Q: 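Have a look at the structure that comes next, please.
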Amino acid sequence: MVQAGPVVNVHLPKDRVTQSHQGFGFVEFNGEVDADYAAKIMNGIRLYGKALRVNKASADKQKPLEIGAELFIGNLDPMVDEKVLYDTFSRFGTLIAAPKIARDDNGLSKGYGFVSYSSFEASDDAINNMNGQYLMNKDISVQYAYKKDGKGERHGDEAERMLAAQAKKHNVTIESQPMPPGLLQQPTTAPQAPPAVAPPALATGAFDPAMAAGIPPPRPPVGFAPPPVAHRPPPPFGINGAPLPPGAGRANAHNLPPPPSGLPARPPPSQAGYGSPADFHPTSGFRVPPPGFGPPPGGIPPPPGFAPGYSR
């Protein structure tokens, strides 16, 4: 190459295991004009029986540094996609590339995929925890992928681990490819219902009755009647809401005497003309002896609030 111009640097990449060159190299000239001239006159020249192919190198074609922590994921369910693989295997370490799933021409999964980590510690952890585990109703197999050279060797051997340790020792960082936005999206969760707010408590610790108007009353125990509820009768109204004239209500309703103290309310007056309220005698709480039995000694006790000997 010195026949084309001054050479600054020569680099021949070598295999990391056999230390033999890989069939290509790079030559750096002092200027771009010399590089163009070397590509024109040296392209096609035979060297040691092989025709050289000389062209200008491009930095865009350089592959990123890989340490070989690439895993093969087999026996995948057809419903498993790249998002599921990313969510499952990214928890063990940093992925340097998006997970890949082999697909046919119709876009259907072939049942296997690949993930690449930035360290062997992460890939070993993924194998120990996920190999043989179920992922969408299928037990998957996780192991190191085969190398691309086609010699039947898998990644993760001692040579790759030694080179990865040396790279870590010399602070060589592994470049990670940017992940697609679809893999980084978090699943949306349904909005939670607001918690129920109890009625505010008073200073004494009791509930405010004004705020508890919507709370139903407590039910009585089984076998007990509900407590009496006081009902206020609606005011009488005439036609079109006009009040009734005096005396237009029920007959003799205003002539009834007030009930004695401690007795239940009087029943409504009969509409059949017999059994008027004047003949009503409250007997609530007092048993009448059955036929053929005399009254108890001392007679029937008077109602509460009345002296003995009370009669009509």
Side-chain angles (χ1 to χ4, degrees), residues 13 15-17 22 24 57-168 171-192:
D15 187 86
R16 292 178 290 183
V17 179
Q22 300 180 1
F24 63 93
S58 175
D60 297 336
K61 296 182 180 180
Q62 294 181 359
K63 296 176 61 177
L65 178 62
E66 297 180 358
I67 63 172
E70 184 176 356
L71 299 181
F72 171 83
I73 317 297
N75 197 32
L76 291 177
D77 190 272
M79 298 300 296
V80 175
D81 56 1
E82 288 79 0
K83 172 65 174 175
V84 175
L85 284 184
Y86 178 82
D87 294 341
T88 304
F89 288 92
S90 61
R91 67 186 64 183
F92 301 107
T94 303
L95 299 179
I96 62 176
K100 299 178 182 179
I101 292 182
R103 299 182 181 275
D104 56 13
D105 297 338
N106 297 326
L108 301 178
S109 173
K110 294 183 179 181
Y112 63 91
F114 303 91
V115 292
S116 299
Y117 287 99
S118 61
S119 64
F120 283 103
E121 292 79 6
S123 59
D124 292 340
D125 193 14
I127 293 177
N128 296 332
N129 288 276
M130 294 303 300
N131 186 32
Q133 298 296 326
Y134 277 82
L135 184 62
M136 285 194 176
N137 301 324
K138 277 193 174 183
D139 52 337
I140 60 176
S141 61
V142 183
Q143 54 187 336
Y144 281 102
Y146 285 104
K147 296 181 180 181
K148 297 179 181 179
D149 53 12
K151 294 181 180 181
E153 298 179 356
R154 293 182 180 270
H155 289 287
D157 53 12
E158 294 298 331
E160 289 183 339
R161 294 177 183 272
M162 182 181 63
L163 293 175
Q166 293 178 359
K168 184 178 181 180
N171 296 326
V172 178
T173 58
I174 308 299
E175 297 182 1
S176 300
Q177 300 178 7
M179 297 294 172
L183 298 181
L184 304 178
Q185 293 180 356
Q186 299 295 332
T188 58
T189 57
Q192 298 181 357

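Please read all numbers here as calculations on a predicted model, not as lab measurements.
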Q: Using the rule side-chain contact (heavy atoms from CB on, under 4.5 Å), only one of Tyr117, Phe114, Phe92 pairs with Leu71; which is it?
A: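 Of the listed options, the one satisfying the test is Tyr117.
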
Q: Can you name the closest pair of heavy atoms from Ala126 and Val142 and give their distance?
A: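 Heavy-atom minimum between the residues: O-CG1, 4.4 Å.
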
Q: Can you list the steps and then say if Asn129 with Asp125 is a side-chain hydrogen bond (donor to acceptor under 3.5 Å, both in side chains)?
A: CA-CA 6 Å; Asn129 288 276; Asp125 193 14; 2.4 Å; yes

Q: Would you say Leu135 and Ile73 make side-chain contact, with heavy atoms under 4.5 Å?
A: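 Counting from C-beta outward, Leu135 and Ile73 never come under 4.5 Å.
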
Q: If you compare all heavy atoms of Tyr112 against all heavy atoms of Gly74, which two are closest, and at what distance to 0.1 Å?
A: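 That would be CB-CA, 4.2 Å.
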
Q: Taking the side chain as every heavy atom from C-beta outward, state whether Tyr144 and Phe72 have any atom pair closer than 4.5 Å.
A: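 The answer is no; the side chains never approach within 4.5 Å.
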
Q: Begin from the C-alpha positions of Leu85 and Leu76 and carry the test side-chain contact (heavy atoms from CB on, under 4.5 Å) through to its verdict.
A: CA-CA 10 Å; Leu85 284 184; Leu76 291 177; 4.3 Å; yes

Q: Are Asn131 and Gln143 close enough that some pair of their side-chain heavy atoms sits under 4.5 Å apart?
A: no

Q: Counting only heavy atoms not in Phe24, do more than 12 fall under 6.0 Å of its CZ?
A: yes

Q: Please tell me if the side chains of Glu160 and Glu153 come closer than 4.5 Å, counting only heavy atoms from C-beta onward.
A: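 Answer no - side chains too far apart.
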
Q: Roughly how far, to the nearest 0.5 Å, is CD of Gln177 from CG of Leu95?
A: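 Atom-to-atom, Leu95:CG and Gln177:CD are 11.0 Å apart.
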
Q: Nearest heavy-atom pair of Pro78 and Ser109: which atoms, and what distance?
A: O-CB, 4.4 Å

Q: Looking only at heavy atoms, which two atoms of Val80 and Met136 are closest? And how far apart?
A: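 Looking at all heavy atoms of both residues, the closest pair is CG2-SD, 3.8 Å.
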
Q: Do other residues, nucleotides or ligands put more than 12 heavy atoms under 6.0 Å from the NZ atom of Lys138?
A: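 Atom NZ in Lys138 is crowded, with more than 12 foreign heavy atoms closer than 6.0 Å.
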
Q: For atom CG of Asp104, is the number of surrounding heavy atoms from other residues, nucleotides or ligands below 6.0 Å larger than 12?
A: yes

Q: Given side chains that start at C-beta, do those of Asn75 and Asp139 come closer than 4.5 Å, heavy atoms only?
A: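 Answer yes - side chains close enough.
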
Q: Rounded to the nearest 0.5 Å, what separation is found between the NZ atom of Lys83 and the CG atom of Asp81?
A: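 Reported value, rounded in 0.5 Å steps: 9.0 Å.
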
Q: Any idea which heavy atoms bring His155 and Gly68 closest together, and the distance?
A: CB-O, 2.9 Å

Q: Within the structure provided, determine whether Thr88 and Gln133 are in side-chain contact (heavy-atom separation under 4.5 Å).
A: no

Q: With a cut-off of 6.0 Å (strictly less than), are more than 12 heavy atoms of other residues, nucleotides or ligands near CE of Met162?
A: yes

Q: Answer yes or no: is there an ion pair linking Arg103 with Glu82, defined by an N-O contact shorter than 4.0 Å?
A: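 Answer for the salt bridge query: yes.
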
Q: CZ/Arg154 to CD/Glu70 distance, rounded to the nearest 0.5 angstrom?
A: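 The distance works out to 11.5 Å.
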
Q: Give a yes or no on whether Gln166 atom CD has more than 12 heavy-atom contacts from other residues, nucleotides or ligands under 6.0 Å away.
A: yes

Q: Nearest 0.5 Å, what's the CD1-CE distance between Ile96 and Met179?
A: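 Nearest 0.5 Å value for the CD1-CE distance: 8.5 Å.
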
Q: Considering all heavy atoms of both residues, which atom of Ala98 and which atom of Pro180 are nearest to each other, and what is their separation?
A: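 Closest approach of Ala98 to Pro180, heavy atoms only: CB-CD, 3.8 Å.
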
